[in-house]
K.L.:
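Once you've had a glance at the structure underneath, I'll fire off some questions.
Lettering of chains follows the sequences in order, A, B, ..., and the numbering in each one begins at 1. What you see is a predicted model, and the numbers here were worked out from it, not measured in a lab.
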There are 2 protein chains.
Amino acid sequence: MSSPNAEHPLKVMIVDDHPPMRMGLIALINSHPRMSVIAEAADGEEAFEVYEDVLPDIVLMDLRMPGMGGAEATLAIRKRYPDAKIVVISTYDWDEDIHRALQSGAASYILKDMPIEDIAETVEAVYKGEATLPTTVAKRLAERERREPITDREREVLEALVKGRSNKEIARDLSISDETVKSHFKTLFAKLQVRDRTEAAISAIRHGIIHIDE
Amino acid sequence: MSSPNAEHPLKVMIVDDHPPMRMGLIALINSHPRMSVIAEAADGEEAFEVYEDVLPDIVLMDLRMPGMGGAEATLAIRKRYPDAKIVVISTYDWDEDIHRALQSGAASYILKDMPIEDIAETVEAVYKGEATLPTTVAKRLAERERREPITDREREVLEALVKGRSNKEIARDLSISDETVKSHFKTLFAKLQVRDRTEAAISAIRHGIIHIDE
DNA sequence: CTGCCTCTCACCCATTTGGGGGAAATCTTA
DNA sequence: TAAGATTTCCCCCAAATGGGTGAGAGGCAG
């Protein structure tokens, strides 16, 4: 594999659901001497299809998108192409988002408020196999490690909570007794270091454990 | 005032805290034959300062920014320059955000998931004095009208709630009795059409009444 | 097979929250 | 100034939530 140059630039694919952001990322990459955008997609499914078509050297992928998000798309692509290099770019530095993206096989996680030079640099660095994570992002990830891991069941309870359900309703939804729901909340309060359900809901949203909207 | 043409293009100013988005909006406007970006800013305060310096024909302004947001910046600019034409562009179509932006004097409110052609079109239309609001946005705004207006005090209570405070703590914070807090919640539940405080908190966030983060 | 973890459920009891009234004080504005 | 909205507070009572403790069933890893 020869290193990219003016004749054989690094082939980049852009994935983002916002047209102007897509335009900016394309302009950013194309203005770099050794990189060139060869494809774009507006959501996760399209990203997977287009990836197979064009087989880019690297993907610059948004995280939050309608339908299939960036983490799922990363997982899908790397399942078929384990060497795929994907840089996730997001608005938020929420620890669960970061964790999910990296778990899914993203090589890096960067933020949209970074200077465009840093974004381009990360893309090139990742292509070269240099693992880079911005300090802000790494710090958030470290914070997450310090938090006790939340189990699948607990996540389901949180999800129902954020939908506005009462203990009884959550119990019905999950086919368990409401005493069990209370029990889950007790452990959740401890893990999230909060005192009541409202705080728990907000905390879950702020950490990206549960996604509002859609 | 002569109409913009290739020699005298419409002078546009771009305000957004995300460098790649700024780059995209600039590229978008500059690729239009009758428009040209003459200045940019990364937050509300900078927007005001730069506006005074360059006096653009129109501003394309992001809503959510660290420090002074787009609505406050719009208000500040139009206080000094009542004829300033400002198009707010946002990720979210939350009714309170839309309302605040238009209340602040924005001429239109558009979304970042719109096609770039529509964005450019809106900017030009607004300059010509044609008021345009995307149907999605107009619909959200209409929904808001159907909701009973929330008072300032109630908003403060909601804000404290989203911070995770209990009734007693909210009472202490606002120097009122906790019976009064309960009273405010009673009316809030009715206005937001929810049954408990957790739902109220989520609803307040989803409508953009209270902003999480920062 | 034996811990360890998760999920499940139960009981008790204190506190918090929510729903029904009503009412005085203040502030706005027609 | 009088109507109207807002903010403040009160009472009562029912329902929901939260904290402590304990414990059985099932799964998974060493």
K.L.:
Salt bridge (Lys or Arg N to Asp or Glu O under 4.0 Å) between A:Glu154 and A:Lys191: does it pass, once the steps are laid out?
P.N.:
CA-CA 10 Å; A:Glu154 286 160 1; A:Lys191 287 181 177 180; 2.9 Å; yes
K.L.:
Between atom NZ in B:Lys168 and atom C1' in C:dT16, what is the gap in whole Å?
P.N.:
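Rounded to the whole Å, the gap is 8 Å.
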K.L.:
Quick one: does B:Ser183 reach the base of D:dC9 with a side-chain donor-acceptor pair under 3.5 Å?
P.N.:
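Between D:dC9 and B:Ser183, which were checked side chain against base, a qualifying N/O pair under 3.5 Å is present.
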K.L.:
Closest to the A:Ser166 side chain: C:dC9, D:dT17, D:dT8?
P.N.:
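In terms of side-chain proximity for A:Ser166, the closest of C:dC9, D:dT17, D:dT8 is D:dT17.
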K.L.:
Under the rule for ring pair (Phe, Tyr, Trp, His ring centres under 6.0 Å), what residues qualify as partners of A:Tyr51, not counting sequence neighbours?
P.N.:
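So A:Tyr51 forms a ring pair (Phe, Tyr, Trp, His ring centres under 6.0 Å) with A:Tyr81.
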K.L.:
Just report the end-to-end axis angle for the helix from C:dC1-D:dG30 to C:dA30-D:dT1, five pairs per end, to 10 degrees.
P.N.:
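Rounded value for the end-axis angle: 60°.
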K.L.:
Which part of the nucleic acid, if any, lies within reach of A:Thr151 when heavy atoms closer than 4.0 Å are counted: base, sugar-phosphate only, or nothing?
P.N.:
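Sugar-phosphate, no base atom in range.
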K.L.:
Quick one: A:Asn167 CG to C:dT8 C1', roughly how many Å, whole number?
P.N.:
15 Å
K.L.:
Please pick, from D:dT17, C:dA10, D:dT8, the nucleotide with the shortest atom-to-atom distance to any side-chain atom of B:Thr180.
P.N.:
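For B:Thr180, the side-chain atoms sit closest to D:dT8.
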K.L.:
Using a distance-only criterion (donor-acceptor N/O pair, under 3.5 Å, no hydrogens), is the base of C:dG18 paired with the side chain of B:Lys186?
P.N.:
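Looking at the base of C:dG18, it does not pair with any donor or acceptor on the side chain of B:Lys186 (distance under 3.5 Å).
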K.L.:
What's B:Phe189 touching, base or sugar-phosphate or nothing? Going by heavy atoms closer than 4.0 Å.
P.N.:
sugar-phosphate
K.L.:
Which residue in the set A:Arg100, A:Arg140, A:His207 passes side chain to side chain donor-acceptor pair (under 3.5 Å) when paired with A:Asp95?
P.N.:
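For A:Asp95, the side chain to side chain donor-acceptor pair (under 3.5 Å) test succeeds with only one of A:Arg100, A:Arg140, A:His207, which is A:His207.
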